[in-house]
Amino acid sequence: MTEIISTAVPGPAAPEPGEAEPAGPGPVPGEAGVTPRPRPAAQQPDWPDRAVLRAVTEELAALPGLVLAEECDRLTDRLAAVARGEAVLLQGGDCAETFDGVTEEHVRGTFGTLAEMRDLIAEGARLPVVRLGRIAGQYAKPRSSPQETRSGETLPAYRGDLVNGLAFTPRSRTPDARRLHLGYRVSATTLNLLRALAARQDGEFWTSHEALVLEYERALTRATPSGVYNLSAHLVWVGERTRQLDGAHLDFVAGIRNPVAVKLGPTTTADEALTIVDQLDPDRTPGRLTFISRMGADAVRDRLPELVSKVEAAGAQVVWMCDPMHGNTFVMPSGYKTRDLDRIVDEVRGFFEVHAGLGTHPGGLHVEMTGEPVTECLGGTRPVTPEDVPSRYETACDPRLNRSQSLDLARVVAGLHANQPPSRR
Ligand code: PEP
Ligand code: CO
């Protein structure tokens, strides 16, 4: 692992793990202090040294934001076009970026593959495609279990490079708040390259990640002349495991002006979706809110229609996006976690069918992918077989589509757009 650089300066203690988080986007310079109701925060690291955490977040709070508030506003405008049915959104990148994985080759691979996918989808949809990377900050992972046991040894689960290391040793798995600082720096390095690539191509490219580790997100949240923004990325989303209606994550994104997204899994009720709309998009601003459904191929046709129809009836102009990855993960007998491209395609087809039935716009596609020839997901026109999987299984978390599989999927999506009846909005 890259050496972590930051010095600990003792300061007042941050809240202890398990304590409720302060509500809202956190202390914002220049804002009058109101003491809001504390909210429970799921999936937060158990930081062993609160003084280091405090020192690092203070350092981060003094550094420049990674993006500009006006860029976030411009992305909201672009997403408003998607919400109106005049554009399409493509969001993709690693499940979990790693600090060591940020090489020029890797970033170029993701950027280039998303560009190829964009070209295919734009041609089929005959609409502009907004490109949003899961990149330059996608370093934190929610986990189904806080611990992992291997050969009788139990250690904290890997929560992403922002928190701890993937290597299964006590030292590596202990959360280290100095990683927040390194995450900022590696994000800045990535963003620098992305900006250069996008400028050369004369195109727009936006960044996003899951807003999970609230200390990090709050440290990069700033009061600007146009309001409070999280300047760690253009868009941040709240994941399936942290979207509790009374939880700290939805409360945090409610307080920022960035465009935001929320994952909706198969257990989501229409009332929950409506409450999220009221919390995050009370003014019904097109482009403000994206719902990323991740139902699984078996559930999407059954679960999604009610959510879409009730949210639309409530007057919200959200972007509807399909994440066909997270509801279709399974473990092979060999022990590898994988996904089959056929199931992924089936969920995307179901998503388009639901929107065709309701006259709404199948606005976006959210994928875990890489430009590299990994063998993490099964299938494709250059098929990855179960026997191939171990040869290049490199993800730090969930299995990603390789370049060829990503282009296969983009061709399918292009065809679905080309045959989709026009949306009524
Ligand atoms: C993810 O996007 O990597 C993720 C954890 O997804 P979800 O919140 O949908 O489970
Ligand atoms: Co994932």
Side-chain angles (χ1 to χ4, degrees), residues 41-45 89-98 101 110 132-146 157-163 166 207-214 217 233 235-245 247-250 252-253 260-268 272-273 276 290-300 303-304 307 319-331 336-341 343-344 347-348 351 364-370 374 376-377 393-402 405-406 409:
Q43 297 279 345
Q44 298 308 287
L89 177 59
L90 171 64
Q91 185 177 22
D94 295 313
C95 177
E97 292 181 274
T98 61
T110 303
L132 179 63
R134 281 177 68 111
I135 200 166
Q138 177 53 21
Y139 292 118
K141 298 313 298 173
R143 303 317 302 237
S144 42
S145 165
Y158 172 61
R159 288 187 177 274
D161 272 17
L162 199 62
V163 175
L166 184 57
T207 62
S208 68
H209 61 258
E210 178 172 351
L212 184 67
V213 177
L214 291 171
E217 304 300 333
L235 175 146
V236 291
W237 77 85
V238 175
E240 172 69 2
R241 291 181 185 78
T242 51
R243 61 170 174 78
Q244 298 80 16
L245 297 180
H249 290 85
L250 287 183
F252 170 74
V253 296
V260 296
V262 181
K263 295 277 199 105
L264 302 179
T267 62
T268 315
E272 283 173 328
I276 293 171
T290 293
F291 274 139
I292 308 172
S293 79
R294 32 87 83 222
M295 301 285 167
D298 291 332
V300 62
R303 303 299 309 154
L304 187 59
L307 302 186
V319 171
W320 292 105
M321 188 173 220
C322 177
D323 165 0
M325 313 296 293
H326 288 89
N328 297 307
T329 314
F330 67 98
V331 180
Y336 286 91
K337 188 159 69 158
T338 192
R339 295 156 171 162
D340 192 324
L341 188 59
R343 305 285 294 161
I344 290 168
E347 179 158 355
V348 174
F351 175 81
L365 176 72
H366 177 117
V367 279
E368 291 183 339
M369 46 68 67
T370 172
V374 299
E376 298 167 3
C377 292
Y393 195 95
E394 295 167 7
T395 180
C397 192
D398 290 335
R400 302 161 294 179
L401 301 176
N402 60 29
Q405 292 167 328
S406 300
L409 181 60

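First listed ligand is number 1; within each ligand, the first listed atom is number 1.
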Please name the atom of Glu368, restricted to N, O or S, that is closest to the Co ion (ligand 2).
OE2

Within less than 2.8 Å of the Co ion (ligand 2), any N, O or S from His326?
yes

Closest protein heavy atom to atom 5 (C) of ligand 1, given as residue, atom name and distance to 0.1 Å:
Pro142 CG, 3.7 Å

Is the side chain of Arg134 donor-acceptor paired with the backbone N or O of Cys95 at a distance under 3.5 Å, no angle test?
yes

Using the rule side-chain contact (heavy atoms from CB on, under 4.5 Å), only one of Gln43, His249, Arg159, Glu240 pairs with Pro142; which is it?
Gln43

Selection from Glu240, Met325, Arg134, Lys141 by shortest heavy-atom distance to atom 2 (O) of ligand 1
Arg134

Can you pull out the closest protein heavy atom to atom 10 (O) of ligand 1? Residue, atom name and distance to 0.1 Å, please.
Arg294 NH2, 2.9 Å

So, taking the atom named CD1 in Ile292 and the one named NE2 in His326, what distance separates them when rounded to the nearest 0.5 Å?
10.0 Å

Checking the N or O distance criterion of under 3.5 Å, is ligand 1 in contact with Glu368?
yes

Is any NZ, NE, NH1 or NH2 atom of the basic residue among Lys141 and Asp398 found under 4.0 Å from an Asp or Glu carboxylate oxygen of the other?
no

One pair to check against side-chain hydrogen bond (donor to acceptor under 3.5 Å, both in side chains): Gln405 and Arg400. What are the steps and the verdict?
CA-CA 9 Å; Gln405 292 167 328; Arg400 302 161 294 179; over 6 Å; no

Short list, please: which atoms of ligand 1 are under 4.0 Å from a heavy atom of Gly239?
8 (O)

For the pair Glu217 and His209, evaluate side-chain hydrogen bond (donor to acceptor under 3.5 Å, both in side chains) and give the outcome as yes or no after the intermediate values.
CA-CA 10 Å; Glu217 304 300 333; His209 61 258; 2.8 Å; yes

If you count the atoms of ligand 1 from 1 in the order shown, which ones are under 4.0 Å from a heavy atom of Cys95?
3 (O)

Rounded to the nearest 0.5 Å, what's the gap from OG1 on Thr290 to NZ on Lys263? Could you check?
12.5 Å

Taking only heavy atoms of Arg241 into account, list the atoms of ligand 1 that are under 4.0 Å away from them.
10 (O)

Quick check: does any side chain N or O of Thr110 sit under 3.5 Å from a backbone N or O of Thr370, one acting as donor and the other as acceptor?
no

Among the N/O/S atoms of Asp398, which is closest to the Co ion (ligand 2)? Give the atom name.
OD2

Atom 1 (C) of ligand 1 - nearest protein heavy atom and its distance:
His326 NE2, 3.0 Å

If you have a sec, work out which protein heavy atom is nearest atom 6 (O) of ligand 1 and how many Å separate them, to one decimal?
Lys263 NZ, 2.9 Å

